[in-house]
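Here is the structure we will look at.
Reckoned from all heavy atoms, side chains included, excluding hydrogens, waters and symmetry mates. Residue numbers start from 1 in every chain, and the chains themselves are labelled A, B, ... in the order their sequence lines are given, proteins ahead of strands.
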Amino acid sequence: MVLINLTGITTEAWTHLEDDMMPGADTRVAAPLARLTEEAEGFFAAVEAVGAVVSTDADYRSLAPLANKLSFVVIDFPAFGDGRGFSLAVRLRKDLGFTGEIRATGPVIPDQAIHLMRSGFDTVEVEDKREAAFKAALKRYSVFYQSDYTGRTALTHARHAVQERRPEQQRKAS
Amino acid sequence: MAKKISGPQMVIANRLDDGRVVFLTSSGDWSARAADAAVADDDVSVDALRSVASASEAANRVLSVEVIEADVHNGVPHPAHMKFAMQAKGPSVRADLGYQVSPDWER
Amino acid sequence: MYAYDDYDHALVNARVAEFRDQVNRRLSGELTEEEFRPLRLMNGVYLQLHAYMLRVAVPYGTLSADQLRKLAHIARKYDKGYGHFTTRQNIQFNWPKLVDVPDILDELADVEMHAIQTSGNCIRNVTTDQFAGAAADEVADPRPYAELIRQWSTFHPEFTFLPRKFKIAITGAGADRAAVKWHDIGLVLKKNDAGEIGFAVIVGGGMGRTPVIGKTIRDFLPEADLLSYLEAILRVYNEQGRRDNKYKARIKILVDALGAEEYARLTEEEWQAIRHHPVDVPAEEVARIHAFFKAPPLPVLSDDVPTVDAFAEKNFLFAAWLKNNVSAHKVPGHVNITISLKPHGGIPGDASHSQMDLVAALADRYSQGEVRVSHEQNLILPHVAKKDLPAIWADLDEAGLGTANAGLLTDVIACPGLDYCALANARSIPLAQSISARFDDIKRLMDIGPLKIKISGCINSCGHHHAGHIGILGVDRKGEESYQLLLGGSGAEDASKAAILGPGFDEAGIVDAVEKVVAVYLGEREDGEEFLSTYRRLGPDIFKEAVYGTH
Ligand code: SF4
């Protein structure tokens with residue numbers, strides 16, 4: 001697996017805590033949301049960074065009580081067509097004001113790279129053989145019709161910006 | 001995967017690059033003529049055809065491979081079912097198009 | 001009409017380059033069919049029975065003459081000389097080679113067309129009234145809003161992998177020619193008491209296995225709030241729509257499960273939270289888009305044109321065409337023409353490359369270079385001066401496009417059915433042909449009056465049989481084609497679901513049954529009563545008796 005960085009966020013490795021495994025010497029850990037919801041304050045105090053792992057069917061409201069204790073959230077797609085993952089990321093940014101890393105895992109496809117980025121994902125874990133296609137896909141589009149919740153400028157606004165910007169330059173400018 | 005065999009079977013598919021309907025022949029090649037299709041009437045020979053077809057699919061020559069029932073008249077096979085018979089011929093409402101005109105019409 | 005700027009061009013060109021790359025990767029084996037399939041579908045490429053099929057978007061059914069000429073060229077160069085116009089106002093080519101599709105898309109991009117989102121579980125081409133901007137009965141032109149929605153829904157980051165396909169229709173007139181109540185979202189332009197423009201919003205309509213007529217969840221949505229409200233509807237659907245069963249995945253099932261009131265409440269709650277986010281397009285952009293749809297500067301002319309009357313006097317077929325295929329325009333002395341793609345005995349919705357070229361030439365000369373596609377699979381020339389009608393009709397008639405049957409019994413909607421479609425149970429086109437051959441008499445058709453027959457080759461309902469005054473559904477009965485007869489549907493403002501009358505028929509039987517149904521109507525109708533009203537007044541029993549002879 002390789003990690004594709006969609007937004008240029010600084011990211012460090014973490015350990016996934018299986019079952020009831022405790023953090024130990026690890027300072028950055030990830031665990032399923034259900035477990036984190038049960039954990040007491042001490043768990044969060046003992047480590048530097050905690051991330052929640054959720055499936056696309058998670059209700060964003062279940063993340064609300066933990067949002068300010070989480071450094072990152074991993075949204076695991078059971079299938080690439082399960083578009084709930086995109087709305088979940090949007091909800092995290094828009095409704096919970098989450099500013100930490102959001103990562104996509106599961107069988108997402110290169111065609112979705114830009115959608116992931118624009119929905120609020122920072123990183124995506126992909127099979128090695130897909131790395132090149134993902135990176136190519138990220139470069140493919142430079143203009144977008146919609147405003148999104150990541151602060152990128154939509155065409156609807158860019159078209160009327162005081163300073164005329166060409167399509168090629170718009171991505172860098174935003 | 002293995003269905004119960006009822007009567008003679010043949011293999012139909014579409015060519016990957018242009019989508020045209022083709023039938024698997026006994027030499028392991030694909031032909032636009034249903035009449036060229038290899039016919040199998042027992043489990044073993046159906047499986048043999050199926051594995052040749054799957055290999056060809058894996059080699060990205062064809063897609064949408066199906067083993068279908070054949071009607072054989074005077075040794076000449078033709079798809080038994082309506083839908084596949086339509087595929088062998090071309091649209092019934094455009095007698096000027098499709099394989100009914102010539103198996104090589106697309107060239 | 002809308003015209004691309006550099007940004008629109010950049011986007012579509014990037015898509016063509018991307019698809020070219022994907023096709024190459026598929027042919028080289030880097031992509032498996034399983035991986036490639038969703039990518040080709042997002043570009044409108046299906047595998048049908050005989051070949052690939054390419055579905056090209058005709059945004060809200062509006063074409064320029066140049067675009068139509070390009071479609072003719074594609075039919076000639078890459079296909080077998082014809083195209084098929086669909087109930088979603090799009091065009092399908094039935095024989096393109098996969099290897100040629102990137103070149104076709106390149107050529108389409110030259111005339112500002114594409115095949116983006118013509119398939120897949122995403123927001124599809126927005127459809128509208130074929131007379132938009134030209135109809136006499138219009139509150140406001142729906143096309144600027146349709147274009148806004150087109151741009152907003154293209155490559156939407158959040159709503160491209162919905163539970164199922166998603167269709168939006170919008171109408172600006174009281175008479176609903178866009179079947180808005182049969183769509184996932186239907187929008188009806190209206191004015192409030194203060195004279196402001198807004199929309200009634202309908203959700204959860206749809207055909208398929210479970211036909212449902214949409215329900216109004218908001219009586220008046222101010223026009224400025226359109227996109228944020230749509231976003232709210234879509235977010236609720238994307239999060240809560242079923243994904244475990246594709247036959248229960250459309251929004252109609254969710255609206256039914258939650259209840260329309262609850263759906264409205266959830267939408268309202270989300271909308272209030274987002275409505276002031278810049279998802280709503282700035283006023284300058286709305287103004288920019290509206291400017292493309294300014295009404296053409298037509299001179300006000302007299303509606304009395306003696307030369308037309310004189311020609312009609314001595315030519316019955318022209319007089320019939322004048323009555324059936326020509327409708328009122330906003331500007332006096334002008335009309336809109338419906339060009340029937342339903343020649344008796346022909347294939348509904350098909351047009352040859354030379355017919356497309358002819359219509360493009362007529363559009364340049366007589367209709368401000370504009371052509372429309374109707375969901376009833378006909379072509380429209382809008383903004384035509386009445387005095388030009390005899391010349392236009394003569395040209396059309398010579399090319400087999402002069403059939404005077406718009407809105408009549410032989411103006412049949414039919415999906416491609418088993419002649420082309422891999423999902424079909426039965427053929428649709430031959431039925432349409434047999435019906436139009438059986439009723440091949442314009443006088444008789446005009447006596448019968450408005451009657452919509454709609455035929456689908458399977459329950460997917462691309463032929464809108466649920467909304468037919470007479471609907472016909474092809475089913476597979478032990479390997480044989482069989483047809484069910486439905487009566488009483490409507491796709492108009494008085495939308496209703498057609499009901500199955502009784503046991504199915506074979507091909508000859510169904511045509512006889514249609515004739516018997518029509519005979520009952522002719523015998524029972526009151527003065528000036530149309531078929532649908534008579535059916536609604538009498539109910540099914542008398543028709544059942546005539547068709548099945550139950551006594
Ligand atoms: S209704 Fe069925 S047969 Fe007709 S085009 Fe749609 S899927 Fe094909």
Give, as side chain, backbone, both or neither, the part of [X] having an atom under 4.5 angstrom from any heavy atom of chain A.
| X | value |
| --- | --- |
| C:Thr160 | side chain |
| C:Glu30 | neither |
| C:Asn121 | neither |
| C:Arg25 | side chain |
| C:Pro163 | neither |
| C:Leu11 | both |

Interface residue of largest heavy-atom contact number with chain C, from A:Ala137, A:Ala136, A:Ser119, under 4.5 Å: A:Ser119
Residues forming a side chain to side chain contact (heavy atoms under 4.5 Å, CB included) with C:His9, sequence neighbours excluded: C:Tyr4, C:Asn13, C:Glu112
Face-on cation placement of A:Arg118 at A:Phe144 ring, 6.0 Å and 45° thresholds: yes
Check: A:Gln146/C:His156 side-chain N/O donor and acceptor closer than 3.5 Å: no
Summary of side-chain hydrogen bond (donor to acceptor under 3.5 Å, both in side chains) pairs that have at least one residue in residues 65-74 of chain A, sequence neighbours excluded: A:Glu41-A:Lys69
Winner by heavy-atom pair count (cut-off under 4.5 Å) against chain A, out of C:Arg235, C:Glu239, C:Arg243, C:Arg288: C:Arg243
Max heavy-atom pair count under 4.5 Å with chain A, selected residue of C:Gln240, C:Glu284, C:Glu35, C:Glu18: C:Glu18
Stepwise side-chain contact (heavy atoms from CB on, under 4.5 Å) test for C:Ile168 and C:Asn125: CA-CA 8 Å; C:Ile168 303 177; C:Asn125 185 26; over 6 Å; no
Region of A:Asp57 that comes under 4.5 Å of a non-hydrogen atom in chain C: neither
Carboxylate-amine/guanidinium contact C:Glu270 A:Arg91, below 4.0 Å: yes
Within 6.0 angstrom of C:Tyr247 OH, more than 12 heavy atoms from elsewhere: no
